[in-house]
Protein chains: 2
Amino acid sequence: MDITEVAKASGLPASTLRFYEEKGLIQSNGRNGLRRLFSASVIERLALISLGRSAGFSLDEIAEMFTPDGPDINRALLSAKADELDRTIEELIAMRDGLRHAAVCKAPNHFECPKFLRLLRVAGKNRFRQPNKLKEKELK
Amino acid sequence: MDITEVAKASGLPASTLRFYEEKGLIQSNGRNGLRRLFSASVIERLALISLGRSAGFSLDEIAEMFTPDGPDINRALLSAKADELDRTIEELIAMRDGLRHAAVCKAPNHFECPKFLRLLRVAGKNRFRQPNKLKEKELK
DNA sequence: GCTTGACTTCAAGTCGACTTGAGCCTTTAT
DNA sequence: ATAAAGGCTCAAGTCGACTTGAAGTCAAGC
């Protein structure tokens, strides 16, 4: 497959594919003149990369997982991420409940509402970095 | 309170407080010489900002919420974010289950495991940008 | 009176994951 | 034969939320 086909099949722009190749996340198996040739299996690989990204792995972490240096490093890492996700999920649930409440709360000032204050305490504990916002292009 | 007290009370570095002030997220009420003076209420405000960040609002969005131009813009926005969080939570739950499964799965290749493939499909739908990783400093 | 240390401003740097641009080379259609 | 389409490389730019650095100001203690 050439890069455009891979781009279409995966939904990723060609620039990203080149970038991933440079990072060692995918390989092209040869060239046709200048042009990269990919085997069809790269699609699954890309799906796996998407999956990893969605689960919160960085590209570097994903790259490591693809070159198994140790025996069970992957499994340990996977479990650890699952645990991490678990915590994140609980935080988000508290957050969601708080938002929903705040949206309908009658109290003139949220600080007078005990429910809200409880939420505030939860949130205070979990200050983690947030994703960048999506760009227009990525939204449609 | 001076900036160091606020920093201690809020857990945020002074640089962040200056940055927030510049962005209009907080106000200092006067100076002692050059030095900013803050009223104690800034602490609650900062907690609210933290809360907003944790819930996925950008600083700009938070700033907007603090200057209510419309009547119920806040409530609508809060509800919308709650809905958004709800979707995110479901995705993360699928992701977590998938990771947990992958960590113990016996299949030599995950692509041969139906459970994993199902997860892969879910993940494929939700490619959203991920947070930057935390820095050392922020971890401890 | 002079150092020290905490504050100040303003500009520039950082992080990760890409994207964009400039300038070149090839294949394909006219 | 020539031009458009599309791939190539490499460097630089982008995004948001801060952080860092240089250079200056100021009050307090010796």
Peer 1: If you look at every strand shown and take non-hydrogen atoms under 4.0 Å, does B/Arg18 touch a base, only sugar-phosphate, or nothing?
Peer 2: base
Peer 1: How many Å lie between CG on A/Leu37 and P on D/dG6, as a whole number?
Peer 2: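 Spelled out: CG on A/Leu37 to P on D/dG6 is 18 Å.
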Peer 1: Go through the structure and list residues passing side chain to side chain contact (heavy atoms under 4.5 Å, CB included) with B/Leu37, not counting sequence neighbours.
Peer 2: B/Asn29, B/Asn32
Peer 1: To the nearest Å, how far apart are B/Asn32 CG and C/dT8 C1'?
Peer 2: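 Distance check: B/Asn32 CG to C/dT8 C1' gives 13 Å.
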Peer 1: Give every donor-acceptor pair under 3.5 Å between a side-chain atom in residues 13-21 of chain B and any protein atom, sequence neighbours left out.
Peer 2:
from: B/Glu21; atom 1: OE1; to: B/Arg36; atom 2: NE; distance (Å): 2.5
from: B/Glu21; atom 1: OE1; to: B/Arg36; atom 2: NH2; distance (Å): 3.4
from: B/Glu21; atom 1: OE2; to: B/Ser28; atom 2: OG; distance (Å): 2.5

Peer 1: Is the distance from OP1 or OP2 of C/dC18 to the nearest side-chain N or O of A/Tyr20 less than 4.0 Å?
Peer 2: yes
Peer 1: Is a side-chain N or O of B/Arg96 found less than 3.5 angstrom from the main chain of A/Asp86, in a donor-acceptor match?
Peer 2: no
Peer 1: Closest-nucleotide mapping onto DNA chain D: is B/Ser15 or A/Asp2 further toward the 5' terminus? I mean the 5' end.
Peer 2: A/Asp2
Peer 1: Among the nucleotides D/dC26, C/dA17, D/dC8, which one has an atom lying closest to any side-chain atom of B/Leu34?
Peer 2: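 Comparing D/dC26, C/dA17, D/dC8 against the side chain of B/Leu34, the answer is D/dC26.
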Peer 1: Residues in side chain to side chain contact (heavy atoms under 4.5 Å, CB included) with B/Asp83, at least two apart?
Peer 2: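 Checked B/Asp83 against side chain to side chain contact (heavy atoms under 4.5 Å, CB included); matches are A/Arg100, B/Arg87.
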Peer 1: Is there a donor and acceptor pair, one atom on the side chain of B/Arg53 and one on the base of D/dA17, closer than 3.5 Å?
Peer 2: no
Peer 1: In whole angstrom, what separates B/Ile62's CD1 from D/dA17's C1'?
Peer 2: 11 Å
Peer 1: Can you tell me which residue pairs pass the salt bridge (charged side-chain N to carboxylate O under 4.0 Å, His left out) test with a partner in residues 22-34 of chain A, sequence neighbours excluded?
Peer 2: A/Lys23-A/Asp60
Peer 1: Check whether any side-chain N or O of B/Lys81 sits under 3.5 Å from a backbone N or O of B/Gly56 as a donor-acceptor pair, and report yes or no.
Peer 2: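 It does hold such a pair.
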Peer 1: What residues form a side chain to side chain donor-acceptor pair (under 3.5 Å) with A/Asp2, not counting sequence neighbours?
Peer 2: none
Peer 1: Looking at residues 23-31 of chain A, who's got a heavy atom less than 4.0 Å off DNA chain C?
Peer 2: none
Peer 1: With the side chain of B/Arg35 defined as its heavy atoms from C-beta on, choose the nearest nucleotide among C/dG5, C/dC18, D/dC8.
Peer 2: C/dG5
Peer 1: Take the protein atom CG of B/Leu17 and the nucleotide atom P of C/dT9, then report the distance between them rounded to whole Å.
Peer 2: 13 Å
Peer 1: Between C1' on D/dT9 and CZ on A/Phe19, what's the gap in Å once rounded to a whole number?
Peer 2: 15 Å
Peer 1: Compare the minimum distances between each of D/dC8, D/dT19, C/dA17 and the side chain of A/Ser58, then state the nucleotide with the smallest one.
Peer 2: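 Shortest atom-to-atom distance from the side chain points to C/dA17.
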Peer 1: Find which nucleotide of DNA chain C each of A/Gly33 and A/Thr16 is nearest to by heavy atoms, and output the residue with the more 5' nucleotide.
Peer 2: A/Thr16
Peer 1: Starting at CZ of A/Phe57 and ending at C1' of C/dA17, how long is that distance when rounded to a whole Å?
Peer 2: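 Computing the A/Phe57:CZ to C/dA17:C1' distance gives 17 Å.
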Peer 1: In whole Å, what is the span from the CZ atom of A/Arg36 to the P atom of D/dG6?
Peer 2: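 A/Arg36 atom CZ is separated from D/dG6 atom P by 17 Å.
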Peer 1: Take atom CD of B/Glu22 and atom P of C/dT8, then tell me their distance rounded to the nearest Å.
Peer 2: 13 Å
